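Below you'll find the structure, written out as structure tokens, and then a few comments.
Treat the numbers as computed from the prediction; the structure is a model and nothing was measured.
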Amino acid sequence: MSTAEIDAYIAAQPEPQRSTLEHLRKQILTVIPDAEQCISYAMPGFRVNGKVVAGFASYKKHIGYYPHSGQVFRVMMDDLAGYVVSEKGGGVQFPIDKAVPDAVIEKLIAVRMSQAFPHA
């Protein structure tokens with residue numbers, strides 16, 4: 001899988017989703033710049049040491065963010081107040097037309113990384 005596939009995924013989205021996804025991608029890569037960009041579960045994903053630690057998808061009324069671990073949200077419910085979190089803990093919904101605060105993305109990734117690599 002390659003960054004070209006994520007480029008194509010984002011390019012195929014309408015505005016304002018496209019701009020929001022481009023910004024989200026940059027936010028993720030700022031936190032984990034060495035992540036391998038891939039397609040996982042038919043959506044853009046970011047893999048570190050063989051484990052997908054972040055992903056996103058575009059929908060008509062929201063942007064879905066997926067940490068690829070249901071345990072992440074249990075730790076972050078206070079940080080995610082005001083956003084819709086799936087009951088099964090798979091994803092969180094962000095607005096299609098507003099950037100997610102950097103601190104939220106940083107913490108989502110930090111929590112996932114600490115769970116995926118507890119001894120790092």
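- For the pair Asp97 and Pro16, the tightest heavy-atom approach, listed with the atom from each and the gap, is CB-CG, 3.7 Å.
- A 4.5 Å side-chain heavy-atom check between Ile109 and Phe46 finds every atom pair outside the cut-off.
- Across all non-hydrogen atoms, the minimal contact from Val85 to Val92 is CG2-CG2, 3.8 Å.
- Using a distance-only test at 3.5 Å, with no hydrogens or angles considered, no donor-acceptor pair links the side chain of Glu106 to the main chain of Ala110.
- Linking ILVMFWY residues whenever their side-chain heavy atoms come closer than 4.5 Å, directly or via other members, leaves Ile32 and Met43 in distinct clusters.
- Ionic pairing of Arg25 and Glu22 is not present here: no N-O contact between side-chain nitrogen and carboxylate oxygen is shorter than 4.0 angstrom.
- Checked for salt-bridge contact, Asp102 and Lys26 miss the test: no charged N lies under 4.0 Å from a carboxylate O.
- In this structure, the side chains of Ile63 and Ser58 come closer than 4.5 Å at one or more pairs of heavy atoms.
- Residues Ile39 and Tyr41 do not share a hydrophobic cluster, defined by chaining ILVMFWY side chains whose heavy atoms lie under 4.5 Å apart.
- The closest donor-acceptor contact from the side chain of Arg112 to the backbone of Val52 lies under 3.5 Å.
- In terms of heavy atoms, Gln115 sits closest to Val72 at OE1-CG2, 3.4 Å.
- Across every non-hydrogen atom of Tyr9 and Pro44, the tightest pair is CD2-CG, 3.5 Å.
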Determine, stepwise, if the pair Thr20 / Phe56 fulfils side chain to side chain contact (heavy atoms under 4.5 Å, CB included). CA-CA 11 Å; Thr20 303; Phe56 57 72; over 6 Å; no
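- Ring geometry for Phe94 versus Tyr83: interplanar angle over 60°, hence perpendicular rather than tilted (30 to 60°).
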